[in-house]
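Chain naming here is simple, since letters A, B, ... match the order of the sequence lines and numbering starts at 1 in each.
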There are 2 protein chains.
Amino acid sequence: MISNKAKYALRALLAVAAQPGGEALTSTEIARRHKIPHKFLEQILLDLKKSGILESRRGKSGGYVMLRPADTISFGEVLRIFDGPLAPLPCLSRNAYRRCEDCESEARCEIRREFARSYEASRQVLDSRTIADALRESQNPPIAAPERRAG
Amino acid sequence: MISNKAKYALRALLAVAAQPGGEALTSTEIARRHKIPHKFLEQILLDLKKSGILESRRGKSGGYVMLRPADTISFGEVLRIFDGPLAPLPCLSRNAYRRCEDCESEARCEIRREFARSYEASRQVLDSRTIADALRESQNPPIAAPERRAG
DNA sequence: CTAATCCCTATAAAACAGATAGAGATAATG
DNA sequence: CATTATCTCTATCTGTTTTATAGGGATTAG
């Protein structure tokens, strides 16, 4: 399960990116719309700013706008910021690689091998789909998509 | 990241399933071989027993054996026992479905839609690959497999 | 009877999740 | 210049989860 923090961050990003004419959106407004605790959201927006994804303007009529275009921000990138590595095992992470202390041989580890497959599959999706993709499909819902309710 | 508990459980299962002639394997031996804290492992093996995956014999020369055949036990099943639902969002889980309290419409939720894709991809792997698959490949490593070190 | 094993429950330290709080910095507006 | 709305920063708090550790009880082989 992803954390609330990551979910809130994605909600906020979708809201800011959907803002017509690139107008600024305030934390108060985002919190109200999406029922996110305001002070908690502020921390999250700050993190998004520190990560170079959002830009902010202070003072009256301030708010947040996208710093990078929405089609360069993948779901995977946001998840990594808030929930850490996507990899199911430390020894499978590129960015945050750590050896399993008790592992004899990574090449021969059955667990590593199996999780590598599953990881590759989900990573491929998360790192390719962007905030812009999500918004586009939202406005233009795919017709008769075979909605497969996954378990 | 998966929990240590789940990782230990998978290690233990692979060890018991690999036991020649279906001989019993003791918790002490598994703990020694894989450097797992013994008392912690005992709890895990007990959970595996309660889940109907392992069988145990008590007393001297006791130990654990498979109750169900290794080719019926998927990685996904084991993960669910120890780490809970595989789904990245409660509203995507079949077994442990929960509505997101603040969600207006699941059908129109962009976040749900995107995570459904990623989830489907990884679930497909985790629920299809079994303990037996992992052991088989381990003994018979695929020749010149394009080892793609995922990040 | 003894020793080795599994079985069960309680406890605890550390990390993490999910906030809450309050004060400071900045900018627009009148 | 005072006011007000905003972002910024840091500290704190509470409950849950993780990762064990501990101690004994039950069972069985020999």
> Is the side chain of Thr72(A) donor-acceptor paired with the backbone N or O of Arg68(A) at a distance under 3.5 Å, no angle test?
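Looks like no, no N/O pair under 3.5 Å.
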
> Could you pick out which residue, Leu46(A) or Tyr8(B), lies toward the 5' side of DNA chain D when each is mapped onto its nearest nucleotide?
Leu46(A)

> What residue among Glu114(A), Arg117(A), Glu110(A) forms side chain to side chain contact (heavy atoms under 4.5 Å, CB included) with Phe75(B)?
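Single pass found, and it is Glu114(A).
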
> Between Arg113(A) and Glu137(B), does any NZ, NE, NH1 or NH2 come within less than 4.0 Å of an OD or OE carboxylate oxygen?
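Salt bridge present between Glu137(B) and Arg113(A).
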
> Is the shortest side-chain N to carboxylate O distance from Asp102(A) to Arg11(B) below 4.0 Å?
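Salt bridge flag = yes for Arg11(B) with Asp102(A).
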
> Can you see if the side chain of Lys49(A) gets near the phosphate of dT8(D) - specifically, an N or O under 4.0 Å from OP1 or OP2?
yes

> Side chain to side chain donor-acceptor pair (under 3.5 Å): which pairs involve residues 47-57 of chain A, sequence neighbours left out?
Lys49(A)-Ser56(A)

> Would you mind reading off the distance between Met1(A) atom CE and dT17(D) atom C1', rounded to a whole angstrom?
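Checked: the CE to C1' distance equals 15 Å.
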
> Between Lys7(B) (NZ) and dT18(D) (P), how many Å, whole number?
15 Å

> If each of Ser3(A) and Arg58(A) is mapped to the nucleotide of DNA chain C with the nearest heavy atom, which maps nearer the 5' terminus, i.e. the 5' end?
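By nearest-heavy-atom nucleotide position, the 5'-most residue is Ser3(A).
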
> Verify side chain to side chain donor-acceptor pair (under 3.5 Å) between Asp83(A) and Ser3(A), making sure each step is shown before the conclusion.
CA-CA 7 Å; Asp83(A) 290 357; Ser3(A) 67; 2.5 Å; yes

> Start at the 5' end of DNA chain C and walk down; is the nucleotide closest to Arg57(A) or to Leu45(B) reached first?
Leu45(B)

> Please check if the side chain of Arg112(B) supplies one atom and the backbone of Ala116(B) the other of a donor-acceptor pair under 3.5 Å.
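Such a contact is absent between Arg112(B) side chain and Ala116(B) backbone.
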
> Check for a donor-acceptor pair, side chain of Arg123(B) on one end and backbone N or O of Asp127(B) on the other, with a separation under 3.5 Å.
no

> Name the nucleic acid region contacted by Phe82(B), choosing base, sugar-phosphate or nothing; use a 4.0 angstrom heavy-atom cut-off, strictly under.
nothing

> Within residues 26-42 of chain B, find the residues that approach DNA chain D with a heavy atom at under 4.0 Å, and present them sorted by residue number.
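Only Pro37(B), Lys39(B), Phe40(B) qualify.
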
> Without decimals, in angstroms, what is the distance between Glu101(A) CD and dA20(D) C1'?
14 Å

> Rounding to a whole Å, what distance do you find between Asp83(B):CG and dT17(D):P?
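Answer to the nearest Å: 13 Å.
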
> May I ask you to decide if Val125(A)'s main-chain N or O and Ser128(A)'s side chain share a donor-acceptor pair within less than 3.5 Å?
yes

> Take the protein atom CG of Asp47(A) and the nucleotide atom P of dC7(D), then report the distance between them rounded to whole Å.
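Asp47(A) atom CG is separated from dC7(D) atom P by 15 Å.
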
> Think Tyr64(A) has a side-chain N or O under 4.0 angstrom from the OP1 or OP2 of dT6(D)?
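Looking at the OP1 and OP2 atoms of dT6(D), neither is under 4.0 Å from any side-chain N or O of Tyr64(A).
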
> From the 5' end of DNA chain C to its 3' end, which nucleotides mark the outer limits of contact with chain A, defined by a 4.0 Å heavy-atom distance cut-off (strictly under)?
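First and last nucleotides in contact are dG18(C) to dA28(C).
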
